[in-house]
Amino acid sequence: MGVKLTSIYTAIKQDGGMRAQMRLAMTMGLPSQMAANVPDTQEMLEKFRRAYRDITAKECPVSIQERGTNG
């Protein structure tokens, strides 16, 4: 649970620092410490990906594809 969401928090901190990570948490209503407890659903990953792009003006480096899929 939450492996990719946690990875997105780590990536945004690397790209934009603690301020960007805090903005992501505020935007998503989910503190980074709680991300590991939330399932990595496709819907949630898409929301995080959009927020990442809005905050950093970069594409999210974390793949949101489900394991076992081609594409």
Side-chain angles (χ1 to χ4, degrees):
M1 287 180 79
V3 173
K4 290 185 179 187
L5 295 178
T6 302
S7 295
I8 293 172
Y9 273 108
T10 300
I12 202 166
K13 186 174 181 182
Q14 290 173 347
D15 268 347
M18 184 61 100
R19 175 172 267 170
Q21 188 179 40
M22 289 174 59
R23 280 190 60 200
L24 180 63
M26 290 173 55
T27 299
M28 299 309 300
L30 180 68
S32 58
Q33 299 90 339
M34 298 299 294
N37 300 326
V38 177
D40 285 330
T41 65
Q42 197 67 25
E43 179 183 357
M44 187 65 89
L45 291 168
E46 283 289 340
K47 288 179 182 179
F48 267 75
R49 188 178 70 80
R50 284 191 299 270
Y52 188 105
R53 187 175 49 233
D54 290 345
I55 293 166
T56 66
K58 298 178 183 179
E59 290 300 320
C60 181
V62 177
S63 171
I64 63 169
Q65 297 297 320
E66 292 184 34
R67 290 182 182 174
T69 60
N70 295 326

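Any value given below was found using the heavy atoms of this structure, including those in side chains, with hydrogens, waters and symmetry copies removed.
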The reported gap from CG in Leu45 to CD1 in Ile8 (rounded to nearest 0.5 angstrom) is 5.5 Å
Roughly how far, to the nearest 0.5 Å, is CD1 of Ile55 from CE of Met22?
-> 11.5 Å
Transitively linked via ILVMFWY side-chain contacts under 4.5 Å: Val38 with Tyr52?
-> yes
In Å and rounded to the nearest 0.5 Å, what is the CE to CE distance from Met44 to Met28?
-> 6.0 Å
Does the side chain of Gln21 come within less than 4.5 Å of Met18's, by heavy atoms?
-> yes
Residue pair Tyr9 / Pro31: nearest heavy atoms and the distance that separates them = OH-C, 4.0 Å
Can you hop from Met26 to Phe48 via hydrophobic side chains spaced under 4.5 Å?
-> no
Asp54 side, atom CG; Arg23 side, atom CZ - distance, nearest 0.5 Å | 8.5 Å
If you round to the nearest 0.5 Å, how far is SG of Cys60 from CZ of Arg50?
-> 12.0 Å
Which heavy-atom pair separates Thr27 from Ala51 by the least distance, and what is that distance?
-> CG2-CB, 4.2 Å
Please test Lys58 against Asp15 for side chain to side chain contact (heavy atoms under 4.5 Å, CB included), starting from the C-alpha separation and ending with a verdict.
-> CA-CA 9 Å; Lys58 298 178 183 179; Asp15 268 347; 3.5 Å; yes
Determine the minimum heavy-atom distance between Ser32 and Ala25, stating which atoms define it.
-> N-CB, 4.5 Å
Hey, does the side chain of Asp40 reach the backbone of Val3 with a donor-acceptor pair shorter than 3.5 angstrom?
-> yes
What is the distance from atom OG1 of Thr6 to atom CE of Met34, rounded to the nearest 0.5 Å?
-> 11.0 Å
Is the count of non-hydrogen atoms from other residues, nucleotides or ligands lying under 6.0 Å from Arg53 atom CZ greater than 12?
-> yes
